[in-house]
Structure formats: C-alpha cells, structure tokens
Amino acid sequence: MKNRLESSLQTALGVLENRGELDLHLAPGPMVERARDAQHGDYVTNVALLLAKAAKCHPRELAAKIVSALPNDPAIAKVEVAGPGFINFFLNPALQCRVIQKIHEEGHRFGENTRGIGRKVHIEFVSANPTGPLHVGHGRGAAYGAVVANLLKATGFEVHREYYVNDAGRQMDILALSIWLRYLEDCGEALPFPSNAYRGDYVRTIAQDLHKEVGDAFRYPADRVQIDLPTDESQGGDRELHIDALVARAKSLLGEERYVELFNAGLQRILHDIRQDLGEFGVYYDEWFSERRLTATQAVDATLQKLREAGHLYEKDGAIWFASRQLGDEKDRVVIRENGQFTYFASDIAYHMNKFERGFDQVINVWGADHHGYVPRVCAAVRALGIDPARLRVLLVQFAVLYRGAERMQMSTRSGEFVTLRQLRNEVGKDAARFFYVMRKSDQHMDFDLKLAAAQSNENPVYYVQYAHARVCSVFRQLDERGWERDIVSGMNNLELLTQPHEQALISSLSRYPEIIEQAALQHEPHHLVHFLRGLAYEFHTYYNTHQFLVEDQPLRDARLNLIAAVRQVIANGLALLGVSAPETM
RNA sequence: GCGCUUGUAGCUCAGCCGGAUAGAGCAUCGGCCUUCUAAGCCGAGGGUCGCAGGUUCGAGUCCUGCCAAGCGCGCCA
C-alpha cells in the first residue's frame, strides 16, 4: 500500500511538472509513512513540505495541487491536506478489512515477505569461549541473534546460523590445566590452585568424571607438578607467568597424547553443555565452526599470504604486523608474534575470509559491546582482502545488568561467581527470558530484574501478550460450549460490519504487521516487534472489554470471530519469531 | 589522555531517514467482575527530552562545545 501511494505521488508530481506548474528534477526517496495518529488517516506524506521551497510556493498550496493531480484509486477513501502541508490518506475500510481474509489464508506464514529473496546471510552469535557454562550476559546475545535470524528468514533471506568455537588458544589451555589440577586434588594430591585458573564447580565435576574414566593415569605427585615454578600472585609473583609455566608443566609431564585427551575432555563436555543449554533456550545453529579447523587447514597461512601479496603486512620488532591504520583502525596490529605464533586476530581474519569464501552476500557478527574497539580492525582486514566492508555488519549487544529487586548482581567468569543462563531460565522461565532480552534495543544498556521477570503478575509484560492469545482461545472454547457453529465464509462476507473504532484500530494494526517484520528484520531491531505485539494485545484487550463477541446476531458474530482469530494468528506468529510460546490457556 | 556509545516522566524504556499536542509499561490516586479468563479494562496526576549554542518552514531526532555515565584503548582471547 505504501509503495502504491508513493507511485501515485510520483505520478502526480510528474503531471504537475508536465503542466509546468512544478519545476523539479528530484527523486524523493521513501516519502510515505504510516500516520502516527488515527486522526491523520492511515498514511501521511510530507512531500509538499519538502518541495515547497524549491517550488517557491506555500506548502499547503503545493499540497493542494498535488492532491488534485493524484490518480484515482478505489483503495483510497479520502485525501486531505492538513497542518502545515501534510497530505493525509484515508484508506477505504471495506478494502482494508480484507487483511483478515489474507491472514486466514496465509496462517503462520502471514507477515513474511520476499525482500531478501535470493540472498544468503551468515549470522554468527554467542560464540562464547568454551571455558565454562553460558551466563546471563551471553543470554542476551543468544536471544537477540536468534530473533534477528528468524526475522531475516521471514524476510526471505537464506539464513545460516553459526557458533564460532574458540577451541584454540591460551584460555583453553588454562581450562585444561584447571581440570587437571582439580583432578589431582581428587586423586588426593595437595597443591594450591592458581588465582588465575577457572574455579567454577563445573571444573571439579569434569575432573571427577575424568578421574573415574582414566583412574590414576594422569596423576603426578604434587611436588613434581610444582617444582621450579615462578610464584603466583599470592606469593608476590606474576600470575600470568605462573599459570603459563603450569600449563607448560602439564604438557611436559602428560605428554602430547594425554594432554590432548585432557584438553578434549574439557572442551567436549563444556561444548555439549552449551549446546544443550542453548537448545533448551530455543536457540539452534546450522553449524558449529571450529577455530582449530582454520589452523589445521592452513587457512590462516593462506589468508596472511593474501594480505602479504596485497602489501598489507610488514615486519617490525621480530613480529609480523597488519597495516590496519591506513584502513581506518587506530593503529597497526600484530598477526604473528615474535615467538612465531598467530594472534587471535590472525585467525579471526582467516575466519572472516572463510565466511565470504562460502558465498554469503551478507555477514553479520553479533558481539558483546565490550568488543566495539575490535570492529575497525576487522573491517580493515575485510577491506584489505578485497571485500566490500558493507557486506560485513557487526551488531553490538550491551550487557544486561542483573538485578534481583534492588540488589545488583556482580559476575565474573574466572571467579565462578556468576548467574548462569540455565539458572536464569530455571528462575524466570524461557518465555520471560527471551521476551525480556529482546524487549530493549540491543545496543542499549538494560536492567534485567529477575524478580520482575519471574513475577506471575501484571507487572510482567510477557504475560500481557500471551494472555491476549489465550483469551481468544478461550472465546472459541466458549463458542463450542454453547454449541454454536462458526461460519468462517459468512464471517468473511460480513467483514464490513466491523465498523467499531476498536475494530478499525485492530484491522489497521493487523495490516501493519508485515511492515513491522520487514522493518525489524532490515534494521536488525527485534524490539519493534515486541512493541507492536504489546500494542496489538492492548487493542485486543480493550476491544474485549468493550464489546461482546459471542452475540446473537450471527453475521456480526462470525465477522468478529474472524477478526479475533486473525489477531490470535498474528500474535502467535510474532511470538514464534521471538521464540516465545503462545499458550491456549493461562 | 584518546576513541566509541548513552543521557527522554519517580523507575524501566519507545520515539520509524527531521514532521502535527513528546508516548508506553511499572509505581501513585480514583473507578469497573450475577455477562466470552480482572495476568484485563476505563480515568487522573506526573516532562526545561543532561546543559548551552547552531543549522531551517519545523529539532527529542542533525552539527559544535560542555557536564555525567558505561565500554574500549595488549605480540590476551
């Protein structure tokens, strides 16, 4: 409809130009938008205001001219010039209520569109290091990424969801070490636990399982483990040096084979746990992409070679640097350390190249906002590889600050003191958690109140929307109990009986749903959908309180039932995109 | 110190490429259940859109400065 009005306006402007009443060579972009106020009709344009200066006449005068030049359209009931020079369009209600028929026909697919058809989009989200269970900070990225993926799919894109598994690098070695030390404790060895190691309970669990599995095969006396080590922080030493030395000790005592077994035991257990956790949260992936695979397939070497050939690498202080500064970064970055090892950044460049090589038109990274300083260097790398950086989009998600009532909760992975995503789900439920996480704009700080999310009361917005759905279901149950028949066809033929303001408002909202999906998808802003659903639920509840649906007048009853069935369908569709259930009873 | 982000009602937040009188939920106050679920509805109060300039027909929205908060500034990942 919007497009239709816009082309009508183009026609009108063309007419005026031909008549010589308007001398413009402008191609105004999208210029029609939904009216914010029902008094202003259904759609509004401000072209007259925008063009008045160039046309050298008063906006209202120009608006009147444009209106007079508009082609006839049966879908438009009334056009008026208002305010300083807005043109308001009032749609023909008889035609607008056809959306109810459309919703009935399209069912769960209503709202989908084809904007992204034929385009492949890659979306990577969460990608937490497999060094421990997911916490509530990851939850927001998980919920957000999953919903953006759903929205893009509904907009016609071919979506590939991916979790990048950081299964290489120092943090993983520290995890392996942590498990081994707990294992040694379990064997009866007494030795201090580094201040820097992972001290969560899950580490002990994995260690105990390992002990059952391998017996004492990985056991060494405490003094052999600790001899000649640099001291830990608690003894006045450097904790980083201490823990790196311990990792080296583990490798040398256990040898390659056993160390890999230890390492994999931790990785597999934690990865399995993360996968299960996300699954229970309704978050699924098409692929779990291993960082180690990149190094194993020489992908990092190949990528660096490509950068070298393009003249983006140089050597300084014994290290290899990527000249990212001339591509918009603050400074150049090391890709190969003095000791010959790749930096994390190097494998990340290779990972991005790999994504584009797989043929995706658009690549989306959902990252925690604390990584925003990392964005320019990745963009620089993409550009250096000859890829249009506009094809890469980094979406930043702010951490949620967790409260329990007024009490602010602190968390830190290393110390093991954090609220896990699983605990959150257990406490507030999947629906409330998903809803809360995407209720706010993702790049905004947000306060997540556990007490509120868990509240079984009207304070909790998730129930408000679900309740509207359950209420419609309840009406249909009542219909059955009374032994009344529902005639859908008759209802469709009598939609023009829906003349009440509440009914018109609902119909207008229903017709907006596809636009909301498209907007939320293209802007990667799921919160628009949440706000829309709250508004739709509100319009339904107020309608419910004002008018009886199950009336004696059968044509009217059938028309109303078709309307509320459409409302139920749209709420169910919207909640499905959010990953929230649509209960039939509450 | 430099960079990025944010500042809207008592609280949590919307505000769609600059548009008409700045909105919602919660909280507060007052009403509505013999009638389809009261997890609901109706109504009231509540604002210098951080501050000061600027751009123009028009600024919460764009620009500059200042104030405040968060985050980032490793041969960590």
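Protein chains get the first letters and strands the later ones, always in sequence-line order, with residue 1 at the start of each. For the numbers below, each heavy atom of this structure counts, side chains included, while hydrogens, waters and symmetry mates do not.
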Worksheet item: Looking at the side chain of Gln519(A), which of A77(B), C75(B), C16(B) is the nearest nucleotide?
Response: C16(B)
Worksheet item: Between G15(B), C36(B), G25(B), which nucleotide has the shortest distance from any of its atoms to the side chain of Arg534(A)?
Response: G25(B)
Worksheet entry | Euclidean distance, atom CE of residue Met586(A) to atom P of A39(B) [Å, nearest integer] | 9 Å
Fill in: Base of A20(B) and ring of His40(A) stacked, centres under 5.5 Å, planes under 30°
yes
Worksheet item: Going through the distances and angles, do His541(A) and Tyr464(A) end up as a ring pair (Phe, Tyr, Trp, His ring centres under 6.0 Å)?
Response: CA-CA 9 Å; His541(A) 287 310; Tyr464(A) 185 79; 4.8 Å; yes
Response to the item:
Here the distance between atom C1' of C36(B) and atom CG of Leu550(A), to the nearest Å, is 5 Å
Response to the item:
In whole angstroms, the gap separating P of G25(B) from CD of Glu539(A) amounts to 12 Å
Response to the item:
Closest of G72(B), G19(B), C36(B) to the Gln548(A) side chain is C36(B)
Worksheet entry | Side-chain N or O of Arg471(A) closer than 4.0 Å to phosphate OP1/OP2 of A38(B) | yes
Discussion item. Taking the nucleotide of RNA chain B with the nearest heavy atom to each, does Arg333(A) or Gln39(A) sit closer to the 5' end?
Written reply: Gln39(A)
Worksheet item: In terms of side-chain heavy atoms of His371(A), which of A77(B), C36(B), G3(B) is nearest?
Response: A77(B)
Item to complete: Take the protein atom CZ of Arg440(A) and the nucleotide atom C1' of G15(B), then report the distance between them rounded to whole Å.
Response: 13 Å
Worksheet item: What form does the base of C13(B) take, syn (within 90° of 0) or anti?
Response: anti
Discussion item. Taking any heavy-atom pair under 4.0 Å as a contact, classify Phe345(A): base, sugar-phosphate, or nothing.
Written reply: nothing
Practice prompt. Using atom CG of Asp37(A) as one end and atom P of A22(B) as the other, report the distance to the nearest whole Å.
Written response: 12 Å
Fill in: Glu33(A) CD - G15(B) P separation (whole Å)
14 Å
Discussion item. Can you confirm whether the side chains of His528(A) and Glu525(A) place a donor and an acceptor under 3.5 Å from each other?
Written reply: yes
Practice prompt. Just call it for Asn88(A): base, sugar-phosphate, or nothing, with non-hydrogen atoms closer than 4.0 Å on any strand.
Written response: base
Worksheet item: How many Å lie between CZ on Arg377(A) and P on C75(B), as a whole number?
Response: 9 Å
Discussion item. Counting the atoms with a prime plus P, OP1 and OP2 as sugar-phosphate, which does Ile320(A) contact under 4.0 Å by heavy atoms, base, sugar-phosphate, or nothing?
Written reply: nothing
Worksheet item: Under 4.0 Å: is that the gap between some side-chain N or O of Tyr464(A) and OP1 or OP2 of C41(B)?
Response: yes
Worksheet item: Taking atom P of C36(B) as reference, at what distance in whole Å does atom CG of Leu561(A) sit?
Response: 15 Å
Practice prompt. Between G19(B), A77(B), C41(B), spot the one nearest the side chain of Leu50(A), thanks.
Written response: G19(B)
Worksheet item: Any Lys/Arg nitrogen of Arg557(A) or Asp553(A) sitting under 4.0 Å from an Asp/Glu carboxylate oxygen of the other?
Response: no
Discussion item. Nearest to the side chain of Tyr463(A), heavy atoms from C-beta on, is which of A39(B), C16(B), A14(B)?
Written reply: A39(B)
Practice prompt. Would you please confirm or rule out a distance under 4.0 Å between OP1 or OP2 of C42(B) and any side-chain N or O of Thr542(A)?
Written response: yes
Worksheet item: Which of the following nucleotides, G19(B), C73(B), G40(B), is nearest to the side chain of His541(A)?
Response: G40(B)
Worksheet item: Which is true for Phe476(A) with a 4.0 Å heavy-atom rule: it touches a base, it touches only sugar-phosphate, or it touches nothing?
Response: nothing
